[in-house]
Visitor: 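Dropping a structure here in structure tokens format, bear with me for questions.
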Amino acid sequence: MKFWSQYFIPTLKESPADAEIASHKLLIRAGLVRKLGGGLYTYMPLGLRVMQKVTQICREEMERAGGIELQMPHLHPAENWQQGPRWAAAREIMFRADSAGDGKRAPREPEYVLGPTHEEVITPLVKAEITSYRDLPKNFFQIATKFRNEIRPRFGLMRAREFIMMDAYSFDATDDGAIKSYHAMKAAYEAFFRRLGVTAIAVEADTGVMGGSFSHEFMVPAEIGDDDVIYNEESGYAANREKATSALVPADLKDAAPAGALEEFATPGVVTIAALEAAPFSVRGDQQFKTLVYMGDGKPFLVILRGSDELEEAKLGSLGFTVFRPATAEEIEPVMGAKPGSLGTVKGSIKNQSALAGIFADHAIRLVGNGVTGANKDGFHLRNVNVVRDLAVTSFGDFRRVRPGEPDPKSGQPLKVRRGIEVGHIFKLGTKYSEVFGATYTDDQKQNHPMVMGCYGIGISRTVQAVIEQGHDADGIIWPWAVAPFQVLICVLDPQLPEAMDLARKLAAAAEGAGAEVLIDDRAERPGVKFKDADLIGIPLRLTIGGKGLKEGIIELKWRARKDVVKVALAEADAAVAAAVREAGAKA
RNA sequence: CGGGGUGUAGCUUAGCCUGGUAGAGCGCCUGGUUUGGGACCAGGAGGUCGCAGGUUCGAAUCCUGUCGCCCCGACCA
């Protein structure tokens with residue numbers, strides 16, 4: 001048991017000015033964290049206890065699923081990353097940690113980086129240690145601090161530069177085995193979030209810079225989330241918007257026949273979809289072709305969309321470029337022959353088509369059939385442009401952003417959208433890393449093969465905040481039993497009375513005997529202060545010992561999540577508290 | 001990186017437009033009265049107004065720069 005007067009729980013009446021959302025305000029007001037700088041937080045004693053609870057539950061579920069815990073360095077030699085497949089993309093988010101301390105050396109490549117994730121460390125390790133199919137599969141995990149130079153840290157622990165993460169890496173001999181490992185992790189994640197008492201749903205996700213073949217994110221539904229989840233409850237379809245698709249283009253759609261000869265027309269000053277929609281041209285957005293120019297690994301490539309559609313940039317990841325970005329106007333003109341606003345992909349109209357890495361068309365342009373696009377000549381567009389006859393296309397793909405209301409790819413029912421906090425992510429990686437690092441094994445036919453990998457992450461510190469975001473009211477936090485920093489709070493309203501403190505110790509012993517951790521509020525504060533603080537820090541079960549109750553021969557028992565107060569006779573108090581603790585513990 | 005906002009005591013902030021001794025509430029310290037939902041009275045400590053320049057007789061206030069923090073965006077040609 002801990003005594004509040006000797007512990008350290010600095011609560012605040014008012015929210016700090018830099019906190020916007022409820023969970024961030026409560027983290028600070030309840031004394032769980034304090035900020036050092038942007039995206040950097042100290043876990044205060046109470047916050048640390050919660051973090052340790054979540055960590056331990058995570059560890060148990062990972063071990064139950066066959067995970068083996070280890071701990072890798074936070075400081076990584078830059079060579080590991082330079083050898084890996086994503087140095088160019090990952091270095092932007094990595095902090096460098098050079099050994100040069102005098103500040104006199106010229107800027108150059110970093111010697112060390114602070115680890116944002118550990119594929120580049122675990123894969124060489126496994127390459128060195130495992131060479132036989134007999135030693136596979138293996139799944140290693142750690143729970144440790146990660147460093148990422150987020151462009152914009154925000155919302156407290158929600159997006160921090162330094163945060164706690166569980167990361168796991170599976171190595172299998174076969175693709176089937178890797179899929180099995182993947183599903184074992186998915187089940188472990190579900191068990192983990194269930195034990196925490198938070199709702200987290202698995203949604204299909206983009207693999208991003210991580211690469212790999214398929215992936216799920218675990219999302220806690222919350223308005224303040226960073227991600228849009230596209231879903232339909234009935235069919236069970238759920239995907240991150242970055243990945244989501246719809247049945248907008250019917251599978252049996254026939255390509256439109258040409259509607260007439262190509263025709264150039266003057267559009268002076270018209271450089272936007274909207275301007276072309278307006279009089280005198282009046283070409284609807286869904287009758288226009290939009291041509292975007294990107295740079296992929298240094299070479300330009302084109303993306304064609306309907307004028308009314310938006311690019312979902314993350315989907316360009318499927319094209320295989322390590323890094324890509326929108327091209328600048330200076331890069332566009334020499335290739336296309338015109339400035340942005342007059343671009344198109346009609347065969348023969350691109351000034352220097354051989355410079356392109358490809359022309360990638362969204363499926364939905366087939367719905368246009370015949371439409372209008374830029375002529376690659378400033379101030380001119382072309383009409384009667386037929387997708388099949390006229391457009392130069394390397395390949396078709398899914399590049400557009402799905403909108404709510406479009407038909408669900410599973411059932412055809414309208415899709416909905418809601419915000420979510422990404423608390424976990426699992427990837428089937430395949431052999432991307434094992435091939436680069438040479439992590440191979442020998443099978444029973446003496447043949448060598450690259451191991452098939454998966455990687456898995458849970459944002460532990462972010463999850464803590466998601467728990468608060470999901471469990472609070474106007475008065476404060478409402479901790480689920482499993483993650484509460486203490487399960488029982490004993491409010492001693494008159495701590496100067498020896499019999500009150502004796503009773504508190506006795507009840508604490510009873511609660512501890514039943515498996516709870518107990519905090520005793522023995523501060524010389526007025527009752528109102530204690531009750532307000534109790535609600536704020538959100539301990540699930542509160543026992544109140546007051547002079548009034550002692551005269552009556554009772555104590556009070558109150559659940560943080562409920563309004564009602566139960567009076568218990570002193571003679572039965574021990575047993576009642578123990579029973580309440582056991583019941584809550586069994587449910588958690 | 002672009003845009004917007006903001007920086008005054010440990011916290012929340014007023015004052016800035018219109019330059020003239022820096023104010024309040026919470027918290028903290030002392031004493032007293034209180035004691036079942038953030039008490040009251042009296043007294044007290046605590047601020048080079050983010051930092052650096054500039055304008056001025058005089059700058060928290062006006063100007064320039066810089067740094068931190070917060071929010072939005074970072075793609076639509």
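Each chain gets a letter, A, B and so on, in the order its sequence line appears, and its residues count up from 1. As a basis for the values below, the full set of heavy atoms in this structure was taken, side chains included, without hydrogen atoms, waters or symmetry mates.
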Visitor: Considering only heavy atoms from C-beta outward, does the side chain of A:Glu406 approach that of A:Arg400 to under 4.5 Å?
Guide: yes
Visitor: Measure from the side chain of A:Pro16, starting at C-beta and using heavy atoms only, and say which of B:U35, B:A77, B:U12 lies closest.
Guide: B:U12
Visitor: Assign A:Gly307 to base, sugar-phosphate, or nothing according to its heavy-atom contacts below 4.0 angstrom with the strands shown.
Guide: nothing
Visitor: Just by protein heavy atoms under 4.0 Å, how would nucleotides 68-74 of chain B read 5' to 3' in B, S and -?
Guide: -SSBBBB
Visitor: Between A:Arg96, A:Glu162, A:Arg91, A:Arg161, which is the residue that forms a side chain to side chain donor-acceptor pair (under 3.5 Å) with A:Asn149?
Guide: A:Arg161
Visitor: Start at the 5' end of RNA chain B and walk down; is the nucleotide closest to A:Pro340 or to A:Leu550 reached first?
Guide: A:Leu550
Visitor: When you compare B:G23 with B:C28, how far apart are their P atoms, in angstrom units rounded to a whole number?
Guide: 23 Å
Visitor: Nearest to the side chain of A:Glu310 - B:G38, B:A77, B:C76?
Guide: B:C76
Visitor: Please measure how far the P atom in B:G58 lies from the corresponding atom in B:A24, and state the result in whole Å.
Guide: 29 Å
Visitor: Mind listing the closest non-hydrogen atom pair of A:Pro409 and A:Ser246 along with its distance?
Guide: CD-CA, 4.0 Å
Visitor: Between A:Arg462 and A:Phe163, is NZ or CZ placed under 6.0 angstrom from the six-membered ring centre and within 45° of the ring axis?
Guide: no
Visitor: Does A:Glu14 make a side-chain donor-acceptor contact with the base of B:C26, cut-off 3.5 Å?
Guide: no
Visitor: Near RNA chain B, counting only heavy atoms under 4.0 Å, which residues of residues 363-386 of chain A show up?
Guide: none
Visitor: Just checking A:Val303: base, sugar-phosphate only, or nothing, at a heavy-atom cut-off of under 4.0 Å?
Guide: nothing
Visitor: Using whole Å, what does the distance between atom C1' of nucleotide B:C76 and atom CZ of A:Arg403 come to?
Guide: 11 Å
Visitor: What's A:Gly341 touching, base or sugar-phosphate or nothing? Going by heavy atoms closer than 4.0 Å.
Guide: sugar-phosphate
Visitor: Distance under 6.0 Å and angle within 45° of the ring axis: does A:Arg383 meet both against A:Phe265?
Guide: yes
Visitor: Quick check: on RNA chain B, is the nucleotide nearest A:Leu305 upstream (toward 5') of the one nearest A:Arg29, or the reverse? Name the residue that is more 5'.
Guide: A:Arg29
Visitor: Any residue in residues 522-535 of chain A with a heavy atom nearer than 4.0 angstrom to RNA chain B? Just list them by number, or reply none.
Guide: A:Arg526, A:Pro527, A:Gly528, A:Val529, A:Phe531, A:Lys532, A:Asp533, A:Asp535
Visitor: May I ask you to test the A:Ile537-A:Phe486 pair for a side-chain heavy-atom distance under 4.5 Å?
Guide: no
Visitor: For B:G10, which nucleotide in any strand shown is its Watson-Crick or wobble partner with both distances under 3.5 Å?
Guide: B:C26
Visitor: Between A:Tyr294 and A:Phe321 (judged by ring centroids, cut-off 6.0 Å), do the two rings come close enough to count as a pair?
Guide: no
Visitor: Quick one, A:Val33 and A:Ile28 - any side-chain contact, counting heavy atoms below 4.5 Å?
Guide: yes
Visitor: Could you identify the nucleotide paired to B:G2, looking across every strand shown and requiring Watson-Crick or G-U wobble geometry with both distances under 3.5 Å?
Guide: B:C72
Visitor: With a 4.0 Å cut-off on N to O distance, would you call A:Asp309 and A:Lys290 a salt bridge?
Guide: no
Visitor: Given atom CG of A:Leu12 and atom P of B:U13, what is their separation to the nearest angstrom?
Guide: 12 Å
Visitor: Without decimals, in angstroms, what is the distance between A:Glu242 CD and B:C75 P?
Guide: 12 Å
Visitor: Please examine the side chains of A:Asn384 and A:Asn370, heavy atoms only from C-beta on, and report whether any two atoms are closer than 4.5 Å.
Guide: no
Visitor: Would A:Asp398 and A:Glu312 satisfy side chain to side chain contact (heavy atoms under 4.5 Å, CB included), going step by step from the backbone distance to the final call?
Guide: CA-CA 9 Å; A:Asp398 177 23; A:Glu312 185 60 65; over 6 Å; no
Visitor: When all nucleic acid strands are considered with a 4.0 Å heavy-atom cut-off, which category describes A:Leu311: base, sugar-phosphate, or nothing?
Guide: base
Visitor: Run the side chain to side chain contact (heavy atoms under 4.5 Å, CB included) check on A:Ile468 and A:Trp479 step by step: do they pass?
Guide: CA-CA 7 Å; A:Ile468 298 173; A:Trp479 289 115; 3.6 Å; yes
